[in-house]
Amino acid sequence: MLSGIRVYSSDKVWQKILSDFNATVLNAPDLADVNLDELGLNLPVTPVDLKTAILSAMDNTKVLQKIFGHSVYLPQMQTQIIVWLDKTGGMSLNALKQALGFLPNMTTHAVDTAIYQLRKTYGHDFIKNENGVYRLGKV
């Protein structure tokens with residue numbers, strides 16, 4: 001039901017429930033897609049309501065609108081890269097890979113390719129690499 005979604009909760013009961021729904025439960029909120037503690041869910045909550053609340057919290061449309069000044073649709077990986085760089089202010093390639101669900105030292109060109117595609121579309125200065133840290137630049 002929540003496969004592939006990284007969720008943080010400080011509550012052990014919620015951690016078990018999230019795990020049972022196949023979410024990846026994290027011990028720290030900074031790398032999570034959703035911080036369940038911040039959602040303010042009213043109990044009792046049905047599984048459908050839980051999924052809806054988590055998916056709504058993952059809606060990155062407002063972040064993209066803020067960055068681009070208008071609505072845009074991007075592939076999921078490109079969206080996640082932009083959201084993570086905006087959220088953190090900058091990340092190393094390994095930290096970015098980990099935030100996207102890859103192992104930090106895993107050999108993959110998926111992240112590099114997504115960054116290349118973003119730069120090709122929005123200009124080389126859109127994503128800057130300063131001393132090994134990727135940051136959002138100007139559109």
Side-chain angles (χ1 to χ4, degrees):
M1 182 168 130
L2 298 173
S3 181
I5 299 174
R6 295 177 304 260
V7 184
Y8 166 78
S9 177
S10 60
D11 185 289
K12 297 290 183 197
V13 174
W14 276 117
Q15 290 174 3
K16 174 68 174 129
I17 292 167
L18 292 165
S19 179
D20 289 346
F21 287 144
N22 295 322
T24 301
V25 180
L26 301 178
N27 295 324
D30 55 339
L31 291 179
D33 297 320
V34 175
N35 182 340
L36 192 70
D37 295 353
E38 294 178 349
L39 294 185
L41 295 174
N42 295 321
L43 298 177
V45 63
T46 67
V48 171
D49 290 338
L50 176 62
K51 182 177 182 180
T52 301
I54 289 173
L55 293 177
S56 294
M58 289 181 58
D59 181 11
N60 296 311
T61 332
K62 291 178 183 174
V63 174
L64 295 178
Q65 257 182 338
K66 176 186 82 169
I67 292 167
F68 292 100
H70 56 85
S71 295
V72 296
Y73 172 78
L74 296 171
Q76 182 180 5
M77 174 136 345
Q78 291 180 20
T79 298
Q80 288 179 326
I81 289 170
I82 292 170
V83 169
W84 279 112
L85 293 180
D86 181 64
K87 183 177 181 178
T88 62
M91 300 176 83
S92 70
L93 182 59
N94 281 343
L96 188 54
K97 283 181 184 179
Q98 188 175 1
L100 295 169
F102 295 100
L103 296 174
N105 295 318
M106 182 178 185
T107 303
T108 179
H109 296 289
V111 178
D112 300 316
T113 301
I115 290 171
Y116 168 80
Q117 291 167 340
L118 286 165
R119 286 176 167 167
K120 183 177 175 185
T121 305
Y122 299 104
H124 187 73
D125 288 339
F126 180 59
I127 296 181
K128 296 181 178 189
N129 185 341
E130 300 168 343
N131 299 321
V133 176
Y134 286 94
R135 299 183 196 286
L136 287 179
K138 59 182 178 175
V139 179

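Nothing fancy with the numbering, it's 1 onward along the sequence. The shown structure was predicted, so the numbers you read here are calculated from the model rather than taken from an experiment.
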Q: Which value, rounded to the nearest 0.5 Å, describes the distance between M91 atom CE and L85 atom CG?
A: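 CG of L85 is found 7.5 Å from CE of M91.
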Q: Ignoring hydrogens, what is the shortest heavy-atom contact between S9 and W14? Give both atom names and the distance.
A: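 Shortest heavy-atom separation between S9 and W14 comes out as OG-CB, 3.3 Å.
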Q: Please output the side-chain donor-acceptor pairs of residues 62-71 that fall under 3.5 Å, not counting sequence neighbours, one pair per line with the distance.
A:
{"residue": "Q65", "atom": "NE2", "partner": "S71", "partner atom": "OG", "Å": "3.0"}
{"residue": "K66", "atom": "NZ", "partner": "D86", "partner atom": "OD1", "Å": "3.1"}
{"residue": "K66", "atom": "NZ", "partner": "D86", "partner atom": "OD2", "Å": "3.0"}

Q: By side chain to side chain contact (heavy atoms under 4.5 Å, CB included), which residues pair with S19, not counting sequence neighbours?
A: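 Per chain and number, S19 pairs via side chain to side chain contact (heavy atoms under 4.5 Å, CB included) with V25.
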Q: Show your working on side chain to side chain contact (heavy atoms under 4.5 Å, CB included) between K16 and V13 and close with a plain yes or no.
A: CA-CA 5 Å; K16 174 68 174 129; V13 174; 5.8 Å; no
Q: In terms of hydrophobic clusters joined by side-chain contacts under 4.5 Å, are Y116 and L96 together?
A: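 No, no single cluster joins them.
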Q: Does K87 NZ have over 12 foreign heavy atoms under 6.0 Å away?
A: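 Count over threshold, so yes.
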Q: Within a strict 4.5 Å, meaning less than it, do heavy atoms of the L93 and N129 side chains meet?
A: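 With C-beta onward as the side chain, the pair stays apart.
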Q: Quick one: list whatever passes side chain to side chain donor-acceptor pair (under 3.5 Å) with S10, sequence neighbours left out.
A: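 Per chain and number, S10 pairs via side chain to side chain donor-acceptor pair (under 3.5 Å) with D37.
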Q: Mind listing the side-chain donor-acceptor pairs of residues 74-84 below 3.5 Å, one per line with the distance, residues two or more places apart or on another chain?
A:
{"residue": "Q78", "atom": "NE2", "partner": "Q117", "partner atom": "OE1", "Å": "2.9"}
{"residue": "T79", "atom": "OG1", "partner": "L74", "partner atom": "O", "Å": "3.3"}
{"residue": "T79", "atom": "OG1", "partner": "P75", "partner atom": "O", "Å": "3.2"}

Q: Quick one: list whatever passes side chain to side chain contact (heavy atoms under 4.5 Å, CB included) with K128, sequence neighbours left out.
A: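 Scan of K128 (side chain to side chain contact (heavy atoms under 4.5 Å, CB included), adjacent residues dropped) gives D125, E130.
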Q: I need the I54 CD1 to I5 CD1 distance, nearest 0.5 Å.
A: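 Interatomic distance, I54 CD1 to I5 CD1, rounded to 0.5 Å: 6.5 Å.
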Q: Are Y134 and V139 co-members of a hydrophobic cluster defined by side-chain heavy atoms under 4.5 Å apart?
A: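 Yes: a chain of side-chain contacts under 4.5 Å links V139 to Y134.
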Q: Which donor-acceptor pairs under 3.5 Å do the side chains of residues 41-52 make with protein atoms, sequence neighbours left out?
A:
{"residue": "T46", "atom": "OG1", "partner": "D49", "partner atom": "N", "Å": "3.0"}
{"residue": "T46", "atom": "OG1", "partner": "D49", "partner atom": "OD2", "Å": "3.1"}
{"residue": "T52", "atom": "OG1", "partner": "V48", "partner atom": "O", "Å": "2.8"}

Q: Under the side chain to side chain contact (heavy atoms under 4.5 Å, CB included) criterion, do L136 and I127 qualify, and how do the steps go?
A: CA-CA 5 Å; L136 287 179; I127 296 181; 4.2 Å; yes
Q: What distance separates L100 CG from D33 CG, expressed to the nearest 0.5 Å?
A: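 If we round to the nearest 0.5 Å, L100:CG and D33:CG are 9.0 Å apart.
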Q: Nearest 0.5 angstrom please: Y8 OH to T24 OG1, how far?
A: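 Those atoms lie 16.0 Å apart.
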Q: Would you give the length of the straight line joining atom CD1 of I115 to atom NE2 of H124, rounded to the nearest 0.5 angstrom?
A: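 With rounding to 0.5 Å, CD1 (I115) is 11.0 Å from NE2 (H124).
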Q: Output the distance between atom CG (D11) and atom CD1 (I17), rounded to the nearest 0.5 Å.
A: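 Reported to 0.5 Å precision, the distance equals 8.0 Å.
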